[in-house]
Amino acid sequence: MHPVAIIGAGPGDPDLLTIKAHRLIAAAEIILHDNLVSDRVLAINTQGEKIYVGRKFGDTFDQIERQQKINSLLQQYYEQGKKVVRLKSGDPYIYGRAAEEARYLTAAEVPFEVIPGISAALAAATIFNIPITERNKSNAMLICTAHTADYSFEQLNGIAHMLKAGNTISIYMGLKSLHRIIPKLLEVCKDPEIPVTIASRVSREDQAILNGTLGTIQALVAESLLQMPAVVIVGAAPIA
């Protein structure tokens, strides 16, 4: 029996997959995939059954019920002797909920392996030449989600102080929460010139980038046609 493969599909360009990920995707008989996995990555597999189990922005479907369904499908297809791939965008353990599936499979004694993928912030930084760490400028990068702005004032305040200390901040799913995040960053840092880059649909044919500062980025976004998914990088500017 083949272990379940939980695979990071990266930001969308199939050329950015690991060799192992590409091989397992191509050979899969069952692929359970998320919303943000690109059509080009899915097209690597030409014979398997592809089952959409993703979530889109604004989706109100019960998340616990959805996850339980995914877990049971992974076990069910494994027990049928299928080559099963659970395909997630980016990296499985960075906002990919792979931990829930790994714990379920461990408890069910279903063997599995997790294959890393390039997460959106790292892909954006390299593709658009943004040095997220650099000698004498930033020695750390924090990856966080914009949901922090909605749920935890204390965390958002902590993020702002990390930025003030000179660290780079990468914010996932932040396009709709800038009106909460940017004012706090400005309040703590008191520097409207701190660079902000928003990278949209990284590595895909329609990828786009918007450069601004803490003082200008909200107005620039309001005038733009940026699409989700997008990652916000604060504190490091692209090399011009």
Quiz item: Taking a hydrophobic cluster as the set of Ile, Leu, Val, Met, Phe, Trp and Tyr residues connected by side-chain heavy atoms closer than 4.5 Å, whether directly or through intermediates, do I25 and L32 fall within one such cluster?
Solution: no
Exercise. Treating Ile, Leu, Val, Met, Phe, Trp and Tyr as nodes and any side-chain heavy-atom pair under 4.5 angstrom as an edge, say whether V221 and M173 lie in one connected cluster.
Key: no
Quiz item: Can any side-chain N or O of N167 pair as donor or acceptor with the backbone N or O of M162 at less than 3.5 Å?
Solution: yes
Quiz item: Side chains of I182 and L214: does their closest heavy-atom pair fall under 4.5 Å?
Solution: yes
Exercise. Measure from the side-chain N and O atoms of Y172 to the backbone N and O of I94, and report whether any donor-acceptor pair falls under 3.5 Å.
Key: no
Quiz item: Does any donor atom in the side chain of Q47 or E29 lie under 3.5 Å from an acceptor atom in the other side chain?
Solution: no
Quiz prompt | Pairwise side-chain contact, R40 with R204, heavy-atom cut-off 4.5 Å (strictly under) | solution = no
Quiz prompt | Test item: D34 side-chain N/O and L36 main-chain N/O as donor-acceptor pair under 3.5 Å | solution = no
Quiz item: Quick check: does any side chain N or O of S200 sit under 3.5 Å from a backbone N or O of Q227, one acting as donor and the other as acceptor?
Solution: yes
Quiz item: Do you reckon V232 sits in the same ILVMFWY cluster as I209, going by side-chain contacts under 4.5 Å, direct or chained?
Solution: no
Exercise. Taking the side chain as every heavy atom from C-beta outward, state whether Y78 and H2 have any pair of such atoms under 4.5 Å apart.
Key: no
Self-check item: Nearest-0.5 Å distance that lies between atom CZ in R66 and atom NZ in K69
Solution: 12.5 Å
Quiz item: Taking side chain as C-beta onward, heavy atoms only, is R86 less than 4.5 Å from I7?
Solution: no
Practice problem: Report yes or no: do I233 and L163 belong to one cluster of Ile/Leu/Val/Met/Phe/Trp/Tyr joined by side chain heavy-atom distances under 4.5 Å? | Solution: no
Self-check item: Sub-4.5 Å side-chain heavy-atom contact between S203 and L16
Solution: yes
Quiz item: Does CD1 in I239 sit with more than 12 non-hydrogen atoms of other residues, nucleotides or ligands closer than 6.0 Å?
Solution: yes
Quiz item: Between D91 (side chain) and G117 (backbone), is there a donor-acceptor pair under 3.5 Å?
Solution: yes
Quiz item: Can you tell me if N211 and T197 form a side-chain donor-acceptor pair at under 3.5 Å?
Solution: yes
Practice problem: Considering only NZ, NE, NH1 and NH2 on the basic side and carboxylate oxygens on the acidic side, decide whether E187 and K164 come within less than 4.0 Å. | Solution: no
Quiz item: Is there a path of hydrophobic side-chain contacts, each under 4.5 Å between heavy atoms of I, L, V, M, F, W or Y residues, that connects L178 with L226?
Solution: yes
Practice problem: State, yes or no, whether a side-chain contact exists between V37 and L42 at a heavy-atom distance under 4.5 Å. | Solution: yes
Quiz item: Looking at side-chain heavy atoms only, is the closest gap between I194 and L186 below 4.5 Å?
Solution: no
Practice problem: Check R201 against M228 and note the closest heavy-atom contact, atom names and distance. | Solution: NH1-O, 3.6 Å
Quiz item: Where the side chain of N45 meets the backbone of G48, is there a donor-acceptor pair that is under 3.5 Å apart?
Solution: yes
Exercise. Take atom CG of D39 as the centre, draw a 6.0 Å sphere, and report whether it contains more than 12 heavy atoms from other residues, nucleotides or ligands.
Key: no
Quiz item: Does one side chain, of Y95 or S119, offer a donor that lies under 3.5 Å from an acceptor on the other?
Solution: no
Quiz prompt | Working for side-chain contact (heavy atoms from CB on, under 4.5 Å), residues V85 and I30 | solution = CA-CA 6 Å; V85 161; I30 301 290; over 6 Å; no
Practice problem: Start with the C-alpha gap between I51 and Y77, add the side-chain angles, then the distance that decides, and say whether side-chain contact (heavy atoms from CB on, under 4.5 Å) holds. | Solution: CA-CA 12 Å; I51 304 171; Y77 286 119; 3.5 Å; yes
Self-check item: H22 vs T18, side-chain contact (heavy atoms from CB on, under 4.5 Å): CA-CA, chis, key distance, verdict
Solution: CA-CA 6 Å; H22 193 288; T18 65; over 6 Å; no
Quiz item: Taking side chain as C-beta onward, heavy atoms only, is Q75 less than 4.5 Å from Y104?
Solution: yes
Quiz prompt | Between S138 and T168, a side-chain donor and acceptor under 3.5 Å | solution = yes
Practice problem: Compare every heavy atom of I171 with every heavy atom of A146, then report the nearest pair and how far apart it is. | Solution: N-CG2, 3.8 Å
